[in-house]
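This report concerns only the one structure given below.
Numbers restart at 1 for each chain; the letters A, B, ... are given by sequence-line order, proteins then strands.
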Number of protein chains: 2
Amino acid sequence: MRYAYNVYEDRCPTRMVLDRLADKWALLILDRLEDGPVRFNHLRRDIKGISQKVLSQTLKKLERDGLVTRTVYPTVPVTVEYALTPLGRALGETAAALTHWAEHNMDAILAAQAAYDAALAER
Amino acid sequence: MRYAYNVYEDRCPTRMVLDRLADKWALLILDRLEDGPVRFNHLRRDIKGISQKVLSQTLKKLERDGLVTRTVYPTVPVTVEYALTPLGRALGETAAALTHWAEHNMDAILAAQAAYDAALAER
DNA sequence: TCTCCTTAGTATCTATTAGAAACCATGTTT
DNA sequence: AAACATGGTTTCTAATAGATACTAAGGAGA
């Protein structure tokens, strides 16, 4: 074992983290924050399809994990800015790798799915 | 836009893929298969805490996406071997990056969580 | 003034899913 | 005959995801 933790172990704290990061919305948020701070409703509009509740919940979890910061500006109406911490920035790159991999290899996956479904239907 | 797909768009097929990959169990399976083919029950024993149902379902999805192959050997009892495809191998590296990041940065995250919870309790 | 718009959320309800546990078929070993 | 191995499927329940509606505080327009 190279680290003090082992993600294959049940009850290892890394499992909690993996569970948190292995979340579509969390990855999209981390990815989106890579270019700098973004406000709540801006995130909501950019990440198409996310609901306010889920965005709020996910940001809260990411903040608790020390991956994003939440800064409130006493403007009217109040604006709240979310930004990556150094820890979050490191992870954001990995998140970006995943999302970009999906964009890049989409055609191959769609082809594989079509082939799989065709083989199933033929049997 | 650098690719034909954009993961920020609702209804973009990459969203389906991201949803698939943003799954704790899928990432652990891809990670575990990096060193070569592994049998069903072997996976089940190595990835602590996964149920047979979820393992079976997740493998089926990964196979449909063209990320793993399923090979049946007519031994008694039958053995079934799962392996990464070239496409899956590329993704496995990213999956490994995520799981290893979790193992490596666990202490920082636990500290952040403790600080967050302490600040909450104090308010 | 009254209504609508913005901000950033919370509350509530339902439909889907995740997970636990039991079951299945086939065949070998004890 | 009973127990164990293989690789699953079935069933049930508890937790979660997502949609929708609501909140509060203030600015702008009619």
Rounded to the nearest 0.5 Å, how far does [atom2] of [Y] lie from [atom1] of [X]?
X	Y	atom1	atom2	value
A:Ile29	A:Ile47	CD1	CD1	5.0 Å
B:Leu43	B:Leu59	CG	CG	6.0 Å
A:Thr58	A:Lys53	OG1	NZ	10.0 Å
B:Arg20	B:Leu62	CZ	CG	7.5 Å
A:Leu33	A:Glu81	CG	CD	10.0 Å
A:Arg32	A:Thr99	CZ	OG1	12.0 Å

Please report the distance, rounded to the nearest Å, between [atom1] in [X] and [atom2] in [N].
X	N	atom1	atom2	answer
B:Asp10	D:dA19	CG	C1'	13 Å
B:Arg39	D:dA5	CZ	P	12 Å
B:Lys24	C:dA18	NZ	P	10 Å
B:Phe40	C:dT26	CZ	C1'	16 Å
A:Leu55	D:dG18	CG	C1'	13 Å
A:Asn41	C:dG9	CG	P	9 Å
A:Asp23	D:dA17	CG	P	7 Å
A:Glu81	C:dT7	CD	C1'	14 Å

By nearest-nucleotide position on DNA chain D, the 5'-leaning member of B:Lys60 and A:Gln57 is B:Lys60
Grab the two heavy atoms, one from A:Ala97 and one from B:Thr94, that are nearest each other, plus how far apart they are.
CB-CG2, 4.0 Å
Can you name the closest pair of heavy atoms from B:Val7 and A:Glu103 and give their distance?
N-OE2, 2.7 Å
Per-helix bend value, the helix from C:dT1-D:dA30 to C:dT30-D:dA1, C1' rotation axes over five pairs per end, 10° rounding, shows 20°
So what does A:Tyr82 hit on the nucleic acid, given a heavy-atom distance under 4.0 Å: a base, only sugar-phosphate, or nothing?
sugar-phosphate
Polar contact flag, side-chain donor to acceptor under 3.5 angstrom, B:Asp107-A:Tyr5:
yes
Kindly say if A:Trp25 contacts the phosphate of D:dA17, meaning a side-chain N or O under 4.0 Å from OP1 or OP2.
no
Per the under-4.0 Å heavy-atom filter, residues of residues 43-53 of chain B near DNA chain D come out as B:Arg45, B:Gln52, B:Lys53
Could you work out which one of D:dG18, C:dG9, C:dG27 sits closest to the side chain of A:Ser56?
C:dG9
